[in-house]
Asker: 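Structure in structure tokens, see below.
Every chain is numbered from 1 and lettered A, B, ... according to where its sequence line falls, protein lines coming before strand lines.
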Amino acid sequence: MMDDDLRRRLEQLDPMPSRVPVDAVGSVRARAVLEEIMTTPTNTRSAAPGERDMTPSAQVRRRRRGAILVGGAAAAAAVAIAGTVVVRNDDETSSRQSLAIADAGTTMSSCVPFDVNFLADMPVAFAGTVTEITSTTATLQVDHWYRTDSDETDLVDVALPAGNTSVALDGVELVTGQRYLVTATSGTVNGCGFSGAATPELETAFDAAFSG
Amino acid sequence: MSSGEENESRRERFERAAVVVYEPLQRFAKRRVADAVADDVVADTLLVLWRRLDEVVEGDELAWCYGVARRSLANHHRSAVRSRRLFARLSSTTPPATLVTAAADATVASDHDLRVALAGLAAGDRELLTLWAWEGLEARDIAVALDITANAAAIRLHRAKQRLRQQHDRRKDPRPAGHSTARHMEHE
């Protein structure tokens, strides 16, 4: 089967061939959508075309990350392990990356009050459900990336502090099947209310913080 | 140029781009998700195009939008997986919905073997092949959509075609390994 033949046969499987009508760009509906979009503020950016498109630019993220690292000593319960590892399977069907929960016993424990504006500065934020917990790692299946400074992977492995007797995220026990909202800075999960079980209140805060 | 003139210029370019991308984007989304979600994906993508128009190379608008749309679809897909899991927990007697590929949804009755072979490929290969055959992109445009080099796109596309042919051949000629014929070599 040569290329032309293969392409032609694949085209036959197209569920939306050109003969199936769609909204014309001149339709009332399309005009309404386009006009609404053209009234939204623009955001001049210089990121590469393939970067995360629903999130602030890499430049903005870098600035924000710098800011949170300055405030991080007081803000996060802990920042101990840095470095995000991204591993892709060959077929790219189950990408994953790693974060860590810092050992609270070795780090500062003071917190700043929870604030949506502060939350909005987090460079990494996602919603995910715990699918597996071992003695060293909790794995979350991500269902939504609010923001990331690397790939939008399907899975996130959260390394747990060594010798931990309970598997907890910011004082909230991690439970398989439970959904959580998580932020991280420099590869480490943030505490102090900036990560936690996906309550309606926290989800509302995440939506507000990352909607821009 | 005054800010008013800049805005007018931006609007003009966006309007020109919309003429090119609006209908193909709808097809792209509707090939892969239900209509209601497809509308969201199209609107999300156009909004990103509007905001980042300055960064888009003239002539690359459609391929660039496909790249944005596929990431939007990925977010919708993750939400759908979560919804299915929740539904499965709430209704333990009902088996969870099976992921259905766009190809498997195709209503075309012909070429069943090729459809099954396509559905059996890894998601990455299937995406490349559908961008090539359904969206009509060549390797250079696929590279823009996937944010990879043109060379990488050409190589991945070539390999995806090979794997599709192999899957297809296996369906047509399901003899065990060691019985393959020279027919499998003719594609190289």
Asker: Side chain of B:Trp50, backbone of A:Thr39: donor and acceptor closer than 3.5 Å?
Answerer: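 Flag not set: sc B:Trp50 to bb A:Thr39 has no pair under 3.5 Å.
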Asker: In plain terms, say whether A:Arg29 and B:Asp39 are close enough for a salt bridge, that is, a side-chain N and a carboxylate O under 4.0 Å apart.
Answerer: yes
Asker: Would you name the heavy atoms of A:Ile37 and B:Ala43 that are closest together and state the gap between them?
Answerer: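 For A:Ile37 and B:Ala43, the tightest heavy-atom pair comes out as CD1-O, 3.9 Å.
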Asker: Of all of A:Ala24, A:Gly128, A:Gly26, which one pairs up most often with chain B through heavy atoms under 4.5 Å apart?
Answerer: A:Ala24
Asker: By side chain to side chain contact (heavy atoms under 4.5 Å, CB included), which residues pair with A:Val130, not counting sequence neighbours?
Answerer: A:Ile133, A:Leu140, A:Leu174, A:Thr176, A:Tyr180
Asker: Please round to the nearest 0.5 Å and tell me the distance separating atom OG1 of A:Thr40 and atom CG of B:Leu46.
Answerer: 10.5 Å
Asker: Please report the shortest heavy-atom distance between A:Leu10 and B:Ala133, naming the atom on each side.
Answerer: CB-CB, 3.5 Å
Asker: Can you confirm whether more than 12 heavy atoms, excluding those of A:Arg31, are under 6.0 Å from its CZ atom?
Answerer: yes
Asker: Would you mind checking which part of B:Leu164 comes under 4.5 Å of any heavy atom in chain A, side chain (CB onward), backbone (N, CA, C, O), both or neither?
Answerer: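 Interface part for B:Leu164: side chain.
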Asker: Between B:Leu114 and A:Leu6, is any pair of side-chain heavy atoms under 4.5 Å apart?
Answerer: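 B:Leu114 vs A:Leu6: side chains touch.
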Asker: Would a distance-only check, ignoring hydrogens and angles, find a side-chain to backbone donor-acceptor pair under 3.5 Å from B:Arg31 to A:Met16?
Answerer: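 The answer is yes, because a donor-acceptor pair under 3.5 Å joins these two groups.
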Asker: Do B:Glu15 and A:Met38 have side-chain heavy atoms sitting under 4.5 Å apart?
Answerer: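 Contact flag for B:Glu15/A:Met38 side chains = yes.
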Asker: With rounding to the nearest 0.5 Å, note down the distance linking CG in B:Leu118 to CZ in A:Arg9.
Answerer: 12.0 Å
Asker: Any side-chain heavy atom of B:Trp134 sitting closer than 4.5 Å to one from A:Pro17?
Answerer: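 When only atoms from C-beta onward are counted, A:Pro17 and B:Trp134 do not touch, as no gap falls below 4.5 Å.
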Asker: Does any part of the side chain of A:Arg7, heavy atoms only, come nearer than 4.5 Å to the side chain of B:Lys161, both counted from C-beta?
Answerer: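 Result no, sub-4.5 Å side-chain heavy-atom pair not found.
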Asker: Write out, in numerical order, the residues from residues 20-29 of chain B with a heavy atom short of 4.5 Å from a heavy atom in chain A.
Answerer: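 The stretch touches chain A at B:Tyr22, B:Glu23, B:Gln26, B:Arg27.
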Asker: Should B:Arg165 and A:Asp3 count as an ion pair when the cut-off is N to O under 4.0 Å?
Answerer: yes
Asker: May I ask you to check whether over 12 heavy atoms, not counting those of A:Asp4, lie within 6.0 Å of atom CG?
Answerer: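 Counting neighbours around CG of A:Asp4, 12 or fewer heavy atoms of other residues, nucleotides or ligands fall under 6.0 Å, so no.
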